[in-house]
S.K.: 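One structure, as structure tokens, below. Some questions next.
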Amino acid sequence: TGKSWLLKEINHQLRSTPPPAGLSNVHSYYLDLALEAGKESEAGVCHVLGEVFNGLDSSIGMLRLKNLALGPLSDMLIEKRDKIKEEVPQHIHIFLFDHVDESQEAFLSLLEDRCLALIASLPNILIILAGRGKAYVWKRLDLKQEPISLLPFDPAHTEEQLRTQLPTL
């Protein structure tokens, strides 16, 4: 169905230069949770937290964040969240999480508690959690949404998608 392609294309379009008309204050972030597979749950969530925090506040370098444990990272995100809530929201942040279905339940539970719950309460935040087939049961009501199924591309759309991804065809 092209789930990953769709998320990457959304991210690419929102990050394009110049941005689409009226979207100069929109910031998008594609996070591939498949990259966290095989890591300890806490280490994987630390990496995702660092990416999310860097997206919300790029003034803090990733190098500094990589050396922090889960507790201090969560505390920093809470402080940043509270600061953003006090400010007049000028930016829209879109977080595109791919391969949720490939993640272990322990990782997703920790991710929900230490990351998603914090950013879901921010103004002007859109979180897209994409996976295939296996649905995780989120604890938070604001993360429990009806799944949206993508229909497979018909042959013409498949050919178009391949042509845009591989222009040499």
Side-chain angles (χ1 to χ4, degrees), residues 1-36 41-42 44-66 68-103 107-132 135-151:
T1 57
K3 159 192 70 66
S4 294
W5 175 84
L6 179 60
L7 292 178
K8 289 176 184 177
E9 184 64 18
I10 291 169
N11 191 51
H12 171 73
Q13 290 297 322
L14 291 172
R15 290 175 163 260
S16 63
T17 306
L23 296 177
S24 61
N25 65 336
V26 175
H27 309 281
S28 68
Y29 315 95
Y30 173 83
L31 296 111
D32 187 351
L33 297 184
L35 299 175
E36 307 312 318
S41 294
E42 191 166 312
V45 172
C46 280
H47 180 257
V48 172
L49 263 173
E51 294 288 333
V52 167
F53 194 93
N54 195 47
L56 294 172
D57 187 353
S58 59
S59 65
I60 296 181
M62 283 299 292
L63 184 63
R64 179 175 164 212
L65 293 176
K66 284 183 180 178
L68 293 177
L70 184 58
L73 269 173
S74 282
D75 293 344
M76 286 176 67
L77 188 56
I78 290 169
E79 288 176 26
K80 183 62 181 173
R81 178 204 59 192
D82 294 344
K83 185 176 179 184
I84 290 173
K85 280 182 165 182
E86 291 172 6
E87 299 170 353
V88 176
Q90 299 174 357
H91 298 279
I92 299 167
H93 297 277
I94 300 173
F95 291 94
L96 307 160
F97 291 89
D98 199 1
H99 297 111
V100 173
D101 58 318
E102 296 178 23
S103 301
F107 170 80
L108 292 174
S109 178
L110 201 53
L111 182 69
E112 180 178 8
D113 293 341
R114 297 298 188 110
C115 180
L116 299 176
L118 300 176
I119 62 174
S121 65
L122 287 170
N124 297 330
I125 292 283
L126 174 63
I127 301 170
I128 297 177
L129 302 162
R132 203 175 259 124
Y136 176 73
V137 180
W138 302 102
K139 297 172 275 193
R140 292 182 51 91
L141 291 177
D142 50 358
L143 294 176
K144 290 182 180 184
Q145 299 296 322
E146 289 297 317
I148 299 171
S149 296
L150 299 177
L151 299 175

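Residue numbers count from 1 along this sequence. As the structure is a prediction and not an experimental result, all values here were calculated from the model.
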S.K.: Do I92 and L126 come within less than 4.5 Å of each other through their side chains, counting heavy atoms only?
M.R.: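 Side-chain contact under 4.5 Å: no.
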S.K.: With a 4.5 Å heavy-atom cut-off, do E102 and L33 have their side chains touching?
M.R.: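 Contact flag for E102/L33 side chains = no.
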S.K.: Supply the atom-to-atom distance L96 CG to I128 CD1, rounded to the nearest 0.5 angstrom.
M.R.: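 Rounded to the nearest 0.5 Å, the CG-CD1 separation comes to 5.0 Å.
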S.K.: Say you draw a straight line from CD1 of I127 to CZ of F95; how long is it, rounded to the nearest 0.5 Å?
M.R.: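 Reported value, rounded in 0.5 Å steps: 7.5 Å.
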S.K.: Minimum heavy-atom separation for N11 and S28, please, with both atom names.
M.R.: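 Shortest heavy-atom separation between N11 and S28 comes out as OD1-OG, 2.5 Å.
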S.K.: Could you tell me whether the side chain of K3 reaches within less than 4.5 Å of the side chain of H99, counting heavy atoms only?
M.R.: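 Yes, at least one pair of side-chain atoms sits under 4.5 Å.
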S.K.: Quick check: do W138 and L108 have side-chain heavy atoms less than 4.5 Å from each other?
M.R.: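 W138 reaches L108 side chain to side chain.
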S.K.: Answer yes when K139 and D113 have at least one side-chain N-carboxylate O distance shorter than 4.0 Å, and no when they do not.
M.R.: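 Yes, K139 and D113 are salt-bridged.
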S.K.: Quick one: list whatever passes side chain to side chain donor-acceptor pair (under 3.5 Å) with S103, sequence neighbours left out.
M.R.: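 If we apply the side chain to side chain donor-acceptor pair (under 3.5 Å) test to S103, skipping adjacent residues, there are no hits.
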S.K.: Among residues at least two apart in sequence or on other chains, which ones pass ring-ring contact (aromatic ring centres under 6.0 Å, His included) with H93?
M.R.: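 For H93, the residues satisfying ring-ring contact (aromatic ring centres under 6.0 Å, His included) (neighbours in sequence not counted) are H27, Y29.
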S.K.: Report the distance from atom CD of E51 to atom OH of Y30, rounding to the nearest 0.5 Å.
M.R.: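 Between E51 CD and Y30 OH, I get 12.5 Å after rounding to 0.5 Å.
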S.K.: Determine whether L129 and L116 satisfy the following criterion, side-chain contact (heavy atoms from CB on, under 4.5 Å), listing intermediate values before the conclusion.
M.R.: CA-CA 10 Å; L129 302 162; L116 299 176; 4.1 Å; yes
S.K.: Could you state the interatomic distance from NZ (K8) to CD1 (I10), rounded to the nearest 0.5 Å?
M.R.: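 If I round to the nearest 0.5 Å, the distance is 13.0 Å.
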S.K.: Nearest 0.5 Å please: distance from the CZ atom of R114 over to the CD1 atom of I119.
M.R.: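 Here the rounded value is 15.0 Å.
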S.K.: Short question: side chain of E36, backbone of V48 - any donor-acceptor pair under 3.5 Å?
M.R.: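 Checked: no pair found.
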S.K.: Can you tell me how far the CG atom of D32 sits from the CG atom of L7, to the nearest 0.5 Å?
M.R.: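 Output value for this atom pair is 9.5 Å.
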